[in-house]
**Student:** 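Input: one structure, supplied below.
Each residue takes its place number in the sequence, starting with 1.
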Amino acid sequence: MIPLKSLQDYYGHINRETRWKDQLGADLNWTLSFEKIKEAETTKHVHRLHPYKGKFIPQLVEYFLDVHTDDFKKKVYFQEGDVVLDPFCGSGTTLVQANELGMHSIGIDISAFNAFISNAKIGNFNFTHLYERSKEITAVLRNYVSKSGVFEFESELSEYLSEFNNQYFPISFKRKVRTGEIDQKKYGSEKESAFLDTYDKLISNYQIDLQMPTDSASFMKQWYLPSVRSEIEFVHNHIRKIEDTAIQKALMLILSRTIRSCRATTHADLGTLRKPVTTTYYCRKHGKVCKPLFSILGWWDRYCKDSIERWIEFSQLKTDTFQHCIAGDSRTIDIFTMLRQVNPQFADLTEKQRIKGIFTSPPYVGLINYHEQHAYAYDLFGFKRLDELEIGPLFRGKGREARESYILGVAEVFKNCKRFLFDDYDVFVVANDKFNMYPTIAEMAGMQIVNQHKRPVLNRTEKNRGAAYSETIFHLKEKGTEL
């Protein structure tokens, strides 16, 4: 007899698959939804080392790179020792998975910060030294914060908030919102205003500076409270003094991860900034009155521990292969020359055996401004921004001109990269091609689409049905290739 739980899982899967087929079409490859993979696996080890919009899950990369075959993947395309290229490297998912599979990999990205993220993920560190340096900086930061008065201020503020929220936002509050007994917007606004007097008195008593110039060209000044900016600069200066460049870069990545979580915005708006928040506010996400951050210490300490654990976990899976992401324009870059400047041994290997193929996901047209999502890091670390060279950025929209520019840009990338590929190459491109651009892209690049795999992209909660969509993995080869 089949257990009831197994039957529920089975019919739940069938019902979900039917709904998606009705919504997105019946030609979905449900295997590629990876719906049974837990979030802990899709964000395993270094894949969750730093937030990044628009990355694909590692299981999708692994599916096409590894040596298994099934009903859908009938041929093995890559072997251990091959060189794989991702000309839209993003945060380095392809590089990480190629390493796990014993393959060499090269990434290219127009964003210097994206290249930084990727190379930090697959970097080699002395974990003892990394831990010691992180603890040293945490200790001096804690001492710095204790002298600023922020500790006492936040402690007293938290006590008042806890007492206030326990009184006005008990456990039953969210249930009453769901049942319509409470108008969340009206009630939340009333209680938000009611607490402001207490907040203002504490700000005055502790002389907390809330000045944030909205007309400043500096992202840091616009989106971080003065006490937070001061701590960020303090930690940044200490990191810069570290002589071991690998350790320095690792700590810079941790600092970047930290400051992304410390912007002066509501918890609900961390992903899409709306306006700076300098007061306590009613938080729809948590169903209570919350406060902005006045110190990075808690997040810095937490991310130091978590990041080092993730690097150690990945180190146990790493293979002795080469990986590197080059900051550059994939439309014009000379891959072998640039690679030789950073790793001559890797360049020799790549020139000798050529790049076996590509696994990549170009930006989706008009969806994300890739430089802007990490504006804080460009501001703090001084990376050069090349927004105007992004392919398909949000600021250009999705109109006819934007789509034509996108088609030309992606085609130029593939045409340029072909110069460095193995003759019988395989190119896999993950795309949401609702404008049917990839047949034209393939034609312009001198390639042909030999297969397509359509996969549903699952929202974890499936609450936002309007956001449901599918991706297509295009398999491209040289035009005229006999299959």
**Student:** Verify, without hydrogens or angle tests, whether N119 (side chain) and H324 (backbone) share a donor-acceptor contact under 3.5 angstrom.
**Tutor:**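 No; judged by distance alone, with no hydrogens or angles, the pair does not exist.
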**Student:** Do S307 and E309 meet the criterion of a side-chain donor-acceptor pair at a distance under 3.5 Å?
**Tutor:**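 Side-chain D/A pair, S307 to E309: absent.
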**Student:** What do the steps show when you test H50 against Y303 for side-chain hydrogen bond (donor to acceptor under 3.5 Å, both in side chains), and what is the final call?
**Tutor:** CA-CA 10 Å; H50 195 287; Y303 285 149; over 6 Å; no
**Student:** Does a side-chain heavy-atom distance below 4.5 Å link L297 with T138?
**Tutor:**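 In contact.
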**Student:** Compute whether any side-chain donor of one residue and acceptor of the other, for H68 and D70, lie under 3.5 angstrom apart.
**Tutor:**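 Yes - a donor-acceptor pair under 3.5 Å links their side chains.
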**Student:** Hey, is the main chain of D86 close enough, under 3.5 Å, to the side chain of S105 for a donor-acceptor pair?
**Tutor:**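 Pair absent, no side-chain N/O of S105 close to backbone of D86.
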**Student:** Which word best sums up how the rings of F381 and F116 line up, parallel for under 30°, tilted for 30 to 60°, or perpendicular for over 60°?
**Tutor:**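 F381 and F116: tilted rings.
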**Student:** Within a strict 4.5 Å, meaning less than it, do heavy atoms of the E80 and V67 side chains meet?
**Tutor:**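 Sidechains of V67 and E80: no contact.
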**Student:** Distance under 6.0 Å and angle within 45° of the ring axis: does R403 meet both against F435?
**Tutor:**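 That pair qualifies as a cation-pi contact.
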**Student:** Which heavy atom of Y425 sits nearest to which heavy atom of G446, and what is that distance?
**Tutor:**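 Answer, listing the atom of Y425 first, then G446: OH-O, 4.3 Å.
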**Student:** Strictly distance-based, threshold 3.5 Å: is any side-chain N or O of S315 a donor or acceptor partner for the main-chain N or O of I312?
**Tutor:**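 Flag set: sc S315 to bb I312 pair under 3.5 Å.
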**Student:** Looking at E39 and R48, is any side-chain nitrogen of the basic one under 4.0 Å from a carboxylate oxygen of the acidic one?
**Tutor:**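 Here R48 pairs with E39 in a salt bridge, since their nearest N and O are under 4.0 Å apart.
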**Student:** Please give me the minimum heavy-atom distance between M338 and I333, naming the atom from each residue.
**Tutor:**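 M338 and I333 have their closest heavy atoms at CG-CG1, 3.7 Å.
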**Student:** Could you verify whether a donor N or O on one side chain and an acceptor N or O on the other, from Y52 and N114, lie under 3.5 Å apart?
**Tutor:**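 Indeed, the side chains of Y52 and N114 share at least one donor-acceptor pair under 3.5 Å.
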**Student:** Are any of the side-chain nitrogens in E401 or R396 under 4.0 Å away from the carboxylate oxygens of its partner?
**Tutor:**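 Between R396 and E401 there is no salt bridge, as every charged N stays at least 4.0 Å from the carboxylate O atoms.
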**Student:** Nearest 0.5 Å please: distance from the CG atom of L293 over to the OG atom of S261.
**Tutor:**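 L293 atom CG to S261 atom OG measures 8.5 Å (nearest 0.5 Å).
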**Student:** Under 3.5 Å, is there a donor on one side chain and an acceptor on the other for E100 and H45?
**Tutor:**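 A donor-acceptor contact under 3.5 Å links the two side chains.
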**Student:** Mind checking the NZ-CZ spacing from K121 to F314? Nearest 0.5 Å is all I need.
**Tutor:**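 Result: 10.0 Å between the selected atoms.
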**Student:** Does W300 offer a backbone N or O that forms a donor-acceptor pair with the side chain of R257 under 3.5 Å?
**Tutor:**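 Side chain of R257 to backbone of W300, a donor-acceptor pair under 3.5 Å: no, none is there.
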**Student:** Supply the atom-to-atom distance L65 CG to T94 OG1, rounded to the nearest 0.5 angstrom.
**Tutor:**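 So the gap between those two atoms works out to 7.0 Å.
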**Student:** Would you please say whether a donor-acceptor pair under 3.5 Å links the side chains of E471 and N432?
**Tutor:**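 Absent: no donor and acceptor within the cut-off.
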**Student:** Please find the pair of heavy atoms, one from G392 and one from Y406, that lie closest to each other, and give the distance.
**Tutor:**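 Result for this residue pair: CA-CD1, 3.8 Å.
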**Student:** Could you check whether any side-chain heavy atom of L386 comes within less than 4.5 Å of a side-chain heavy atom of E388, counting everything from C-beta outward?
**Tutor:**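 They are in side-chain contact.
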**Student:** Would you call the rings of Y376 and F113 parallel, tilted or perpendicular, taking 30° and 60° as the class edges?
**Tutor:**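 Answer is perpendicular, since the angle exceeds 60°.
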**Student:** Please tell me whether F420 and F336 form a close aromatic pair, meaning their ring centres lie under 6.0 Å apart.
**Tutor:**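 When the ring centroids of F420 and F336 are compared, they turn out to be within the sub-6.0 Å range.
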**Student:** In the structure I gave you, are the side-chain heavy atoms of K415 and M447 within less than 4.5 Å of one another anywhere?
**Tutor:**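 A side-chain contact under 4.5 Å is absent here.
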**Student:** Which heavy atom of K454 sits nearest to which heavy atom of S470, and what is that distance?
**Tutor:**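 Shortest heavy-atom contact: CE-OG, 3.0 Å.
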**Student:** Kindly indicate whether the side chain of L60, heavy atoms from C-beta on, has any atom under 4.5 Å from the side chain of I473.
**Tutor:**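 Result yes, sub-4.5 Å side-chain heavy-atom pair found.
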**Student:** Is there a side-chain contact between V61 and L101, using heavy atoms and a 4.5 Å cut-off?
**Tutor:**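 Contact flag for V61/L101 side chains = no.
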**Student:** How many angstroms lie between OG in S33 and CD1 in I57, if you round to the nearest 0.5 Å?
**Tutor:**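 With rounding to 0.5 Å, OG (S33) is 8.5 Å from CD1 (I57).
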**Student:** Among residues at least two apart in sequence or on other chains, which ones pass salt bridge (charged side-chain N to carboxylate O under 4.0 Å, His left out) with R284?
**Tutor:**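 Result, salt bridge (charged side-chain N to carboxylate O under 4.0 Å, His left out) vs R284: none returned.
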**Student:** Does either side chain, that of T472 or that of D433, offer a donor lying less than 3.5 Å from an acceptor on the other one?
**Tutor:**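 No.
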**Student:** So, the side chain of T69 versus the backbone of K74: is there a donor-acceptor pair under 3.5 Å, distance only?
**Tutor:**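 Checking the backbone N and O of K74 against the side chain of T69, no donor-acceptor pair under 3.5 Å is found.
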**Student:** Without swapping roles, check the side chain of N29 against the backbone of R455 for a donor-acceptor pair under 3.5 Å.
**Tutor:**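 Side chain of N29 to backbone of R455: no pair is present.
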**Student:** Go through it in stages, so that I can follow the logic: the residues are Q452 and H475, the test is side-chain hydrogen bond (donor to acceptor under 3.5 Å, both in side chains), and I'd like the CA-CA distance, side-chain angles, deciding distance and then a yes or no.
**Tutor:** CA-CA 6 Å; Q452 299 181 41; H475 182 189; over 6 Å; no
**Student:** Salt bridge or not for D244 and R133, using N-O below 4.0 Å?
**Tutor:**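 The answer is no: the pair does not qualify as a salt bridge.
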**Student:** Do C304 and W299 have side-chain heavy atoms sitting under 4.5 Å apart?
**Tutor:**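 In short, these two side chains do not touch, never coming nearer than 4.5 Å.
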**Student:** Regarding R385 and the six-membered ring of Y378, is the cationic atom NZ or CZ under 6.0 Å from the ring centre and inside 45° of its axis?
**Tutor:**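 Yes - R385 lies over the ring of Y378, closer than 6.0 Å to its centre and within 45° of its axis.
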**Student:** Under a 4.0 Å N-O cut-off, is there an ion pair linking R229 with E233?
**Tutor:**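 Looking at R229 and E233, the cut-off is not met.
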**Student:** Less than 6.0 Å separating the ring centroids of F234 and H238?
**Tutor:**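 Yes: the rings meet the under 6.0 Å criterion.
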**Student:** Using side-chain heavy atoms (C-beta onward) and a distance below 4.5 Å, is D387 in contact with N369?
**Tutor:**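 Not touching, per the 4.5 Å side-chain cut-off.
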**Student:** Go through the steps for D424 and K356 under the test salt bridge (charged side-chain N to carboxylate O under 4.0 Å, His left out), then give the verdict.
**Tutor:** CA-CA 8 Å; D424 186 23; K356 182 63 177 65; 5.6 Å; no
**Student:** Would a line drawn from the ring center of F359 to the ring center of F78 be shorter than 6.0 Å?
**Tutor:**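 No, ring centres 6.0 Å or more apart.
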**Student:** Under 3.5 Å, is there a donor-acceptor pair between the T42 and H47 side chains?
**Tutor:**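 Not at all, the side chains of T42 and H47 share no donor-acceptor pair under 3.5 Å.
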**Student:** Quick check: closest heavy atoms across C262 and I296, and the distance to 0.1 Å?
**Tutor:**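 Smallest interatomic distance, heavy atoms only, reads SG-CG2, 3.8 Å.
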**Student:** Taking Y370's backbone N and O only, do any of them form a donor-acceptor pair with E390's side chain (distance below 3.5 Å, no angle check)?
**Tutor:**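 Side chain of E390 to backbone of Y370: a pair is present.
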**Student:** Would you find a donor on one side and an acceptor on the other, under 3.5 Å apart, between the side chain of Y224 and the backbone of I259?
**Tutor:**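 It does hold such a pair.
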**Student:** Between the side chain of R263 and the main-chain N/O of R260, is any donor-acceptor distance below 3.5 Å?
**Tutor:**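 Yes, the answer is positive, given that a donor and an acceptor are paired below the 3.5 Å cut-off.
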**Student:** Looking only at non-hydrogen atoms, find the nearest pair between R354 and E351 and report the distance.
**Tutor:**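 That would be CD-O, 3.9 Å.
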**Student:** Do the charged groups of D306 and R310 touch, with an N to O distance under 4.0 Å?
**Tutor:**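 Yes, D306 and R310 are salt-bridged.
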**Student:** Quick one: CD on E136 to CD on E132, what's the gap to the nearest 0.5 Å?
**Tutor:**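 Here the interatomic distance stands at 7.0 Å.
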**Student:** Under 3.5 Å, side-chain donor or acceptor atoms of residues 245-252 against the rest of the protein: list the pairs with distances, not counting sequence neighbours.
**Tutor:**
from: Q248; atom 1: NE2; to: I239; atom 2: O; distance (Å): 3.4
from: Q248; atom 1: NE2; to: R240; atom 2: O; distance (Å): 3.3
from: Q248; atom 1: NE2; to: I242; atom 2: O; distance (Å): 3.0

**Student:** For the NE2 atom of H104 and the CG atom of L95, what is their distance to the nearest 0.5 Å?
**Tutor:**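 H104 NE2 to L95 CG: 12.5 Å, rounded to 0.5 Å.
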**Student:** Would Y63 and H453 count as having a side-chain donor-acceptor pair, cut-off 3.5 Å?
**Tutor:**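 Judged by distance alone, the side chains do not pair up.
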**Student:** Checking D82 now: which residues fulfil salt bridge (charged side-chain N to carboxylate O under 4.0 Å, His left out) with it, not counting sequence neighbours?
**Tutor:**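 Per chain and number, D82 pairs via salt bridge (charged side-chain N to carboxylate O under 4.0 Å, His left out) with no residue.
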**Student:** Answer yes or no: does atom NZ of K55 have more than 12 heavy-atom neighbours from other residues, nucleotides or ligands under 6.0 Å?
**Tutor:**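 More than 12 heavy atoms, drawn from other residues, nucleotides or ligands, come within 6.0 Å of this atom.
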**Student:** Does T481 use its side chain to pair, donor to acceptor, with the backbone of K477 at less than 3.5 Å?
**Tutor:**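 Not confirmed, T481 side chain does not pair with K477 backbone.
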**Student:** Are E231 and S295 close enough that a side-chain donor and a side-chain acceptor fall under 3.5 Å?
**Tutor:**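 Looking only at side-chain atoms, S295 and E231 do form a donor-acceptor pair, the distance falling under 3.5 Å.
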